[in-house]
Amino acid sequence: MLEESTESEWQSEVKTGTTIIAVEFNGGVVLGSDSRVSAGETVVNRVMNKLSLLHDKIYCALSGSAADAQTIAEMVNYQLDVHSIEIGEDPQVRSAATLVKNISYKYKEELSAHLIVAGWDRRGGGQVFVTLNGLLSRQPFAVGGSGSSYVYGFVDAEYQKGMSKEDCQQFVVNTISLAMSRDGSSGGVAYLVTIDEKGAEEKCILGNELPTFYDQ
Amino acid sequence: MAACMSANRSENAFSANDLVPEWAQEEVSTGTTIMAVEFDGGVVIGADSRTTTGAYIANRVTDKLTPIHDHIFCCRSGSAADTQAVADAVTYQLGFHSIELDEPPLVQTAANLFKQMCYRYREELMAGIIVAGWDKRKGGQVYTVPMGGMIVRQPVSVGGSGSSYIYGFMDSNYKPGMTKEECLHFCTQALTLAMERDGSSGGVARLAAITEDGVERRVVLGNQLPKFSNV
């Protein structure tokens, strides 16, 4: 197996060239991602779940270098566990996002990963935070990864304030599907996580069950 | 060692040519959003109106929809000089050909003339062109000739730097069998979304509808562009 692989495959960094999205609704958030991990032209994992748990009701979506993104998520998961024991209750989404931001900013020259942090807490309800390049900003929705360029127009046009949970889920699935059909670095299946007061619900939508559009 | 030294010098704060501002040393580019849609009976084409040299907007009311013949237009993206030169050359060739034929030229002919030039000079040119128009044989047609010089006919096509951002919108909102007004509305929306996201696109939205009866041009000014809920 090793002899068959070409040199270039092992020299390219493993990237989650990706599409990730998170949307707030009244009472929670919906996160979505594709499942493709590439090293150069090869797809090294076609079923990777890029929605990583940071705490019971806080998840983050990974993009960029797979190693960097996973490491940041693991570190923040640990820091949040300690923090939530110290304060004796569930952590705020803003706290999780700040921890991610601190790592992204301090090591911004060495890291190449962008995490979108989203979740539910008692104080603020559903919240989505972007931490690109070490900034911290709360937004009603956020897209990221290489596939996001192709769907900026779509999300700008289709996003409405005050969507219901089901509308948000459909919006996320449509966006991921469109991005996967245009971006070579995104593909596979779509993973969805819906977080509200009751907890987090994970879902996987297979390739043939994704919505199709006019030229497919 | 010598190569390193000269590379460092060019990154100095004081550039060698202080008489000309930095933006004037950049190439003039129609970093752009262009698109074209076929409908039954013709085509609708659209473009933004921004021409940039680096970060300076050299022209904020550019017309990137260039007539090649009575019922054939091209949408230009890439280097402004290259696309103007190619469009002028094709206009001349097509005019001559039309006189020889003694009938209006076909859109496919115009598109292939663009392709021949863009392919032959592919290393020197930076031009992405969409050719669209109406002819008696096949009605409304859109041909895209991106950088590199390939040609393909598509019912709807987008181009330019801003096009990346509206692929998702185009895939989800285009339906075959739209009317002329629906196509105009679709183009206006798509151009607006691209202009909001792409720094190299902006200004006004220029549209044109080409049918058997001729060309109808429209301009949608900045404050009249559709608004989307979160922008």
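Chain naming here is simple, since letters A, B, ... match the order of the sequence lines and numbering starts at 1 in each.
Taking the side chain as every heavy atom from C-beta outward, A/Asn174 and B/Ser172 never approach each other to under 4.5 Å. Residues A/Asp156 and B/Gln189 fail the side-chain proximity criterion, which asks for heavy atoms closer than 4.5 Å.
Listed here is the closest heavy atom pair of B/Ile166 and A/Gly153: CG2-CA, 4.3 Å. Scanning all heavy atoms of the two residues, the minimum distance from A/Leu178 to B/Gly168 falls at CD1-O, 3.4 Å.
Counting only residues at least two apart or on different chains, the ring-ring contact (aromatic ring centres under 6.0 Å, His included) pairs with a member in residues 128-149 of chain B are B/His71-B/Trp134.
Between the CD atom of A/Glu158 and the CZ atom of B/Phe228 there is a distance of 9.0 Å, given to the nearest 0.5 Å. Taken to the nearest 0.5 Å, the CZ atom of A/Phe213 stands 12.5 Å off from the CE atom of B/Met170. How far OH of A/Tyr150 is from CG of B/Asp171: 11.5 Å, rounded to the nearest 0.5 Å.
Under the side-chain contact (heavy atoms from CB on, under 4.5 Å) criterion, A/Asn102 pairs with A/Thr98, sequence neighbours left out.
The environment of CZ in A/Arg46 is sparse: at most 12 heavy-atom neighbours from other residues, nucleotides or ligands sit within 6.0 Å. The environment of A/Glu209 atom CD is dense: over 12 non-hydrogen atoms of other residues, nucleotides or ligands sit within 6.0 angstrom.
You'll find the ring centres of A/Tyr152 and B/Tyr165 inside the 6.0 Å limit.
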